[in-house]
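The basis for the numbers below is simple: all heavy atoms, side chains too, and nothing from hydrogens, waters or symmetry mates.
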There are 2 protein chains.
Amino acid sequence: MTSTDRADGHLSELRDALVRMSFTLMAVLTEVAAEHDLSLTQLRVLGILRDREPTMADLATFTGLERSTISGLIDRAAQRGLVTRTADPHDGRSVRVGLTESAHRLVPEITAAISDRITPLTGRLSIGEQKRLIALLTKALDS
Amino acid sequence: MTSTDRADGHLSELRDALVRMSFTLMAVLTEVAAEHDLSLTQLRVLGILRDREPTMADLATFTGLERSTISGLIDRAAQRGLVTRTADPHDGRSVRVGLTESAHRLVPEITAAISDRITPLTGRLSIGEQKRLIALLTKALDS
DNA sequence: TATTGTTATACTCTATAACTATA
DNA sequence: TATAGTTATAGAGTATAACAATA
């Protein structure tokens, strides 16, 4: 049985609330990215590279994008001095991507900006409610 | 004081949880859209048109996109038989956009597919937890 | 043979700027 | 003058297909 088959009360409410929250968050992230002259995808890649030095193929897997897409993305990021490509010492085919010094300084700035923009959204929740929200989201995500 | 200035404990946790959830949701929506040969933006526009017949300018405001972007978007959607443009009777400059019959049949299919894909995500939450999550998200969003 | 990465190509999304028509 | 919508243009993001180099 799929959800088409029934009225599914609170399930559609949950779907709608999550979708609304996601679009709202994406708008915030897109805005913050734009203020730093980045696209949403570039922002995401920088976030991934924050504590990793993956290969191009790894990046494709992480993001769910094609390797060719990652090539273009990293091309443009490298041109802007945000990332570097280095040959993998263990596999002559692989290329490892890492943040440059300046990008390493940029990322915390961006996450701080995101926090600031999210505050109005979560401002109507008490500290206790915020903690409960964290717990619920984390539990759902870690499944 | 901005969040750069302090360690801000659970606030960064909340930010990360919301961002993670949003990227996960966007991946789900993008996948479902792709299965119906739609982009994420087209999916979003169909959702907006579900219970409204806005002008092009309204659509631009709702989505935060430029009017010229909406023009192209609606062009392509119309070409695929998803939407129609009709002249606004009260303002000769305005154009109202509405779903076609076939799109009206398509939208519930898509929302059902989204519900189904979200279920594994929320499956580890009890009914009570799901209801609490709805309440918290709604409270945050309606601020 | 299989995998990694790049390139070529095509299409969608997006914004800016210039334009027409209506208010 | 101001607003609604379109068009032209340009750049980013994306996928598919073909390719070279390495495993």
Side-chain angles (χ1 to χ4, degrees), chain A residues 23 26-27 29-49 53-98, chain B residues 23 26-27 29-49 52-80 82-98:
Chain A
F23 274 120
M26 286 300 132
L29 296 183
T30 302
E31 214 178 287
V32 171
E35 281 163 17
H36 291 81
D37 250 299
L38 295 169
S39 71
L40 183 56
T41 309
Q42 302 263 19
L43 186 78
R44 190 178 174 200
V45 168
L46 293 190
I48 291 170
L49 295 179
E53 199 146 326
T55 65
M56 300 291 281
D58 289 340
L59 267 180
T61 303
F62 288 157
T63 57
L65 299 170
E66 288 299 317
R67 292 197 312 274
S68 61
T69 301
I70 299 293
S71 274
L73 230 31
I74 296 303
D75 276 353
R76 290 183 289 272
Q79 230 166 3
R80 296 193 36 191
L82 295 170
V83 302
T84 54
R85 283 190 241 231
T86 51
D88 186 307
H90 305 308
D91 188 332
R93 298 169 301 181
S94 293
V95 173
R96 297 216 160 256
V97 185
Chain B
F23 274 120
M26 286 301 131
L29 296 181
T30 302
E31 213 178 287
V32 171
E35 281 164 15
H36 292 81
D37 251 299
L38 296 168
S39 71
L40 183 56
T41 309
Q42 302 262 20
L43 186 79
R44 191 180 173 198
V45 168
L46 294 189
I48 291 170
L49 296 179
R52 262 166 294 215
E53 198 147 325
T55 64
M56 300 291 282
D58 290 339
L59 267 180
T61 302
F62 288 157
T63 57
L65 299 170
E66 287 298 317
R67 291 198 312 274
S68 62
T69 301
I70 299 294
S71 274
L73 229 31
I74 297 303
D75 277 353
R76 290 183 289 272
Q79 230 165 2
R80 297 193 36 191
L82 295 170
V83 303
T84 54
R85 282 190 242 231
T86 51
D88 186 307
H90 304 307
D91 189 331
R93 298 168 301 180
S94 292
V95 172
R96 297 216 162 256
V97 185

d([atom1], [X]; [atom2], [N]) in whole Å:
| X | N | atom1 | atom2 | value |
| --- | --- | --- | --- | --- |
| L59(A) | dG13(D) | CG | P | 14 Å |
| M26(A) | dC13(C) | CE | C1' | 17 Å |
| L40(A) | dG13(D) | CG | P | 10 Å |
| F62(B) | dA4(D) | CZ | P | 13 Å |
| I74(A) | dT4(C) | CD1 | C1' | 15 Å |
| R93(A) | dA23(D) | CZ | C1' | 4 Å |
| Q42(A) | dG13(D) | CD | C1' | 10 Å |
| R44(A) | dG13(D) | CZ | P | 13 Å |

State, with a plain yes or no, whether a side-chain heavy atom of [X] is found less than 4.5 Å away from one of [Y].
| X | Y | result |
| --- | --- | --- |
| L82(A) | L49(A) | no |
| L43(A) | L46(A) | no |
| S94(A) | M56(A) | no |
| V97(A) | T84(A) | no |

Under a 4.0 Å heavy-atom cut-off, which of residues 78-88 of chain A touch DNA chain C?
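Within this stretch, R85(A) sit under 4.0 Å of the strand.
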
Distances for protein N or O near nucleotides 7-11 of chain D N or O, under 3.5 Å:
none

Where the side chain of [X] is concerned, which of [options] is the nearest nucleotide?
| X | options | value |
| --- | --- | --- |
| S94(B) | dG5(D), dA23(C), dT14(C) | dG5(D) |
| T55(B) | dG5(D), dG13(D), dT14(C) | dG5(D) |
| R76(A) | dT14(D), dG5(C), dT14(C) | dT14(D) |
| S39(A) | dA21(C), dA12(D), dA23(D) | dA12(D) |

Would you say the side-chain atoms of R96(A) pair up with the backbone N or O of E53(A), donor to acceptor, closer than 3.5 Å?
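It does hold such a pair.
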
If you measure from [atom1] on [X] to [atom2] on [Y], what distance do you get to the nearest 0.5 Å?
| X | Y | atom1 | atom2 | answer |
| --- | --- | --- | --- | --- |
| R67(A) | I74(A) | CZ | CD1 | 14.5 Å |
| L59(A) | L65(A) | CG | CG | 9.0 Å |
| L40(B) | T30(B) | CG | OG1 | 4.5 Å |

Quick check on DNA chain D: between R96(B) and E66(A), whose nearest nucleotide comes earlier from the 5' end?
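The residue whose closest nucleotide sits nearer the 5' end is R96(B).
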
For I70(A), which contact category applies under a 4.0 Å heavy-atom criterion: base, sugar-phosphate, or nothing?
nothing

Do we get R44(B) above F62(B)'s six-membered ring, with its NZ or CZ under 6.0 Å from the centre and within 45° of the axis?
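Checked: cation-pi criterion not met.
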
